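Proteins get letters first, then strands, A, B, ... in listed order; numbering begins at 1 in each. Just so you know, these numbers come straight off a predicted model, no measurement behind them.
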Amino acid sequence: MARILITSAIPYINGIKHLGNLVGSQLPADLYARYMRMRGNEVMFICATDEHGTPAELAAAKAGKPVAEYCAEMHGVQAEIARGFRLSFDHFGRSSSARNHRLTQHFARRLGEQGLIAEVVEKQMFSRADDRFLPDRYIEGTCPNCGYDRARGDQCENCTKQLDPTDLINPRSAVSGSTDLELRETKHLYLRQRVLKERLAEWIDSKTGWPVLTTSIAKKWLNDGEGLQDRGITRDLAWGVPAQFAGAPWQGMEGKVFYVWFDAPIEYIAGTAEWADAHGLDDAAWERWWRTDKGAHDVTYVQFMGKDNVPFHTLSFPATIIGSDEPWKLVDYIKSFNYLNYDGGQFSTSQGRGVFMDQALSILPADYWRWWLLSHAPENSDSEFTWENFQASVNKDLADVLGNFVSRVTKFCRSKFGELVPEGGQTGERAAALIAELETRVRAYEGHMEAMEVRKAAAELRAIWVAGNEYLQSAAPWTVFKEDPERAAAMTRLGLNLVRLYAVLSEPFIPDASARMLAAMGTDDRSWPGPIAEALSVLPAGHAFETPEVLFRKIADEEREDWQKRFAGVRT
RNA sequence: GGGCCUGUAGCUCAAUGGUCAGAGCAGGGCGCUCAUAACGCCUUGGUUGGGGGUUCGAGUCCCUCCGGGCCUACCA
């Protein structure tokens, strides 16, 4: 039994995420966690909300709430939706937790003691009307290059030129529109990543099996231009982990907090500590996942994230870990995803374009979305959600291939033998061929799941379902029954056992349907198949089952058209 | 501007430099009647974005052009 630590990139707190966010991290992480648990491994699966930063403060202000209250509420909302999608986190934490405050300050202090923190005085735009420093992109003005009047302080969206806020003509706050801005001096802490460059490069180079997407992004940041740069890890904000604290090896940082990207990944660790606290366990319980000197030496750590998160997970966070000079667990494998597009364009949170997680669940149960999203996961390039494809895929794969298989087996049995696994008889060559095929396919499926090849795993699973239909079609127990009822009984017994096997194999993708199938088969035997012949004799003759209701209903054309219209425009 | 990814059948995607470029869906035909008008079998469909090159051999490697996307360090 292996020990597997799994983290999903933590979703930002300001609002409900769309399906693109879901498929890029939380959902594939859940697939992997469920699979590894099914295989009998000890799994720790951690996610959290990322609660600090300017957008959180602004969103809270807009909602007319104190930021702590706003974040607590939104955390509750996101946790509820995560449950709705059956995301099986061992703990869904909060980056604003006391645990994260303590750990973030701990890492900062260690880095300071190692000489890896620099104090830098710089000038930043301050908006008097908003009473806050503004990040570059929260300043708007006229582009000096093309004259576009809504250019942002980091880049002009119109001509794509890189800008500095001071380049803008007639700069104004994007928050309030105020032009009452001034450049103010402010002191910040920088993480001296340049000092760690060689060690980071060496570490990245040792990860030869990582996805191209992951390593290419890391190497670009390491080597491009002047190479890896030091990074500011504090901000002039009120909401966050205070940068000045007892034992801090610096002074004069009162009123400042750590940058979200410094404290967010630390929440992976803190979230595990929160898990221990929530279960009344001591520190050793979480440290055995994170401290290689306290039991984590045999842990395999896998991170899941969208491509936009890669630099922070390949460089900044490892710089924090390595720089601390303490035996914390480093990530072993980073699975990164491209983006999911929506019907010819991008999902857009600001424009409300596309399907958001809460809306998705209000339309259809989690399994429908899980199946489509995972079987179309954007692993190699950006991929595309269209309603036609979603409808076709769900109707065909889930309703016709799997759902109907369960239906035809159980209903046939009920009508000919009653709702007990029939006894007697022998299966024939076709059953042997089926078992041989499944033997190959199940091992291939395992290989893809272990390699986190999500699409390939989905395709293999579907082929496993299809094999059941092929068997029934060629064995034709409904015909055999007329001549040799005992033989038909054996075939049906095999069919019912296939339903149980499929429930087990499918659990990581469609956990609700899996549970319903097992319940219908009257068993809680979820043991992963060894030799297939054995796995297909778990349900003995005489075992009672129930004929389940329709497992997956089909999506009608009218519904699809209705949804298409509903989600094309602005979210209301 | 720079870097990276990407372009394969009507659609969504596969293919360690090595048989005739494969699947699923959609389309066509046949079969079956247990089943959610479901299932199975067969089948149509490709100058692998264009052009050039390396190689015994290129979807794959190189150059170039065209299209799509992402990143570019203060959004997260």
Strictly below 4.0 Å, N to O, side chains only: are A:R152 and A:D154 in salt-bridge contact? yes

Can we say A:E546 and A:R516 salt-bridge, meaning some charged N sits less than 4.0 Å from an Asp/Glu carboxylate O? no

Sequence neighbours left out, what pairs pass salt bridge (Lys or Arg N to Asp or Glu O under 4.0 Å) with at least one residue falling in [range]?
range                       : answer
residues 400-416 of chain A : A:D400-A:K554
residues 456-482 of chain A : A:D397-A:R462, A:R441-A:E460
residues 370-380 of chain A : A:D30-A:R370, A:K335-A:E379

State whether A:Y471 places a side-chain N or O below 4.0 Å from either non-bridging phosphate oxygen (OP1 or OP2) of B:rG40. no

Would you please confirm or rule out a distance under 4.0 Å between OP1 or OP2 of B:rC75 and any side-chain N or O of A:R137? yes

Pairwise [atom1] distance for [N] and [M], with rounding to whole Å:
N      : M      : atom1 : value
B:rA58 : B:rA15 : C1'   : 13 Å
B:rA23 : B:rC65 : C1'   : 32 Å
B:rC62 : B:rU54 : C1'   : 7 Å
B:rG50 : B:rU72 : P     : 33 Å
B:rC20 : B:rG59 : P     : 12 Å
B:rG46 : B:rA21 : C1'   : 8 Å
B:rG22 : B:rG45 : C1'   : 13 Å
B:rG69 : B:rU8  : P     : 15 Å

Across the strands shown, which category fits [X] at heavy-atom distances under 4.0 angstrom: base, sugar-phosphate, nothing?
X      : value
A:S383 : sugar-phosphate
A:D308 : base
A:E470 : sugar-phosphate
A:E122 : base
A:I217 : nothing
A:V550 : base
A:G227 : base
A:G403 : base

Which side-chain N or O atoms in residues 10-23 of chain A pair as donor and acceptor under 3.5 Å with protein atoms at least two apart or in another chain?
unit_1, atom_1, unit_2, atom_2, d
A:Y12, OH, A:H52, O, 2.4
A:Y12, OH, A:A56, N, 3.1
A:K17, NZ, A:Y12, O, 3.3
A:H18, ND1, A:G20, N, 3.0
A:H18, ND1, A:N21, N, 3.3
A:H18, ND1, A:N21, OD1, 3.4
A:H18, NE2, A:N21, OD1, 3.4
A:N21, OD1, A:H18, N, 3.1

Taking both distances under 3.5 Å as the test for a Watson-Crick or G-U pair, what stems of at least three pairs does RNA chain B have? B:1-7 with B:66-72, B:10-13 with B:22-25, B:27-31 with B:39-43, B:49-53 with B:61-65

Applying ring pair (Phe, Tyr, Trp, His ring centres under 6.0 Å) to A:F312 and not counting sequence neighbours gives A:W261

Taking only residues two or more places apart in sequence, or in another chain, which ones meet A:S506 in a side chain to side chain donor-acceptor pair (under 3.5 Å)? A:W465

With A:K220 via side-chain contact (heavy atoms from CB on, under 4.5 Å) - residues at least two apart: A:D224

Could you work out, with side-chain contact (heavy atoms from CB on, under 4.5 Å) as the rule, every residue matching A:A458, not counting sequence neighbours? A:W371, A:S375, A:F509

Could you please name the option among [options] that lies closest to any side-chain atom of [X]?
X      : options                : result
A:P135 : B:rA73, B:rC75, B:rC71 : B:rC75
A:K220 : B:rC71, B:rA76, B:rA35 : B:rC71
A:T54  : B:rG69, B:rA35, B:rA76 : B:rA76
A:S407 : B:rA73, B:rU36, B:rC39 : B:rU36
A:F312 : B:rC13, B:rA76, B:rA38 : B:rA76
A:F552 : B:rU36, B:rC13, B:rC75 : B:rU36
A:V466 : B:rC71, B:rG40, B:rA76 : B:rG40

A:L181 pairs by side-chain contact (heavy atoms from CB on, under 4.5 Å) with which of A:L134, A:L168, A:T166? A:L134

Distance in angstrom units between [X] [atom1] and [N] [atom2], rounded:
X      : N      : atom1 : atom2 : value
A:F337 : B:rU6  : CZ    : P     : 16 Å
A:E57  : B:rC75 : CD    : C1'   : 14 Å
A:W221 : B:rC71 : CH2   : P     : 11 Å
A:Y190 : B:rA73 : OH    : C1'   : 10 Å
A:K411 : B:rU33 : NZ    : P     : 19 Å

If you assign each of A:T479 and A:Q229 to its closest nucleotide in RNA chain B, which residue comes earlier from the 5' end? A:T479

RNA chain B nearest-nucleotide lookup for A:N309 and A:D230: closer to the 5′ end is A:D230

Do other residues, nucleotides or ligands put more than 12 heavy atoms under 6.0 Å from A:E429 CD? no

Residues pairing under ring-ring contact (aromatic ring centres under 6.0 Å, His included) where one sits in residues 394-420 of chain A, two or more places apart or in two chains, turn out to be A:F405-A:Y502, A:F417-A:F481

Are any protein N/O atoms closer than 3.5 Å to N/O atoms in nucleotides 15-17 of chain B? If there are, list each pair with its distance.
unit_1, atom_1, unit_2, atom_2, d
B:rA15, OP1, A:K456, NZ, 3.4

Between A:W563 and A:F390, does the ring centre distance come in under 6.0 Å? no

Does the structure show A:F412 stacking with B:rC34, if we require the centres to be closer than 5.5 Å and the planes to be within less than 30 degrees of parallel? no

Once hydrogens and angles are ignored, does a donor-acceptor distance under 3.5 Å link the base of B:rA38 to the side chain of A:N404? no

Side chains of A:S95 and A:N100: do they bring a donor and an acceptor to under 3.5 Å? no

For nucleotides 24-31 of chain B, print each protein N/O atom paired with a nucleotide N/O atom at under 3.5 Å, atom names and distance only.
unit_1, atom_1, unit_2, atom_2, d
B:rG24, O3', A:R462, NH2, 3.3
B:rG31, N2, A:Q473, NE2, 3.0

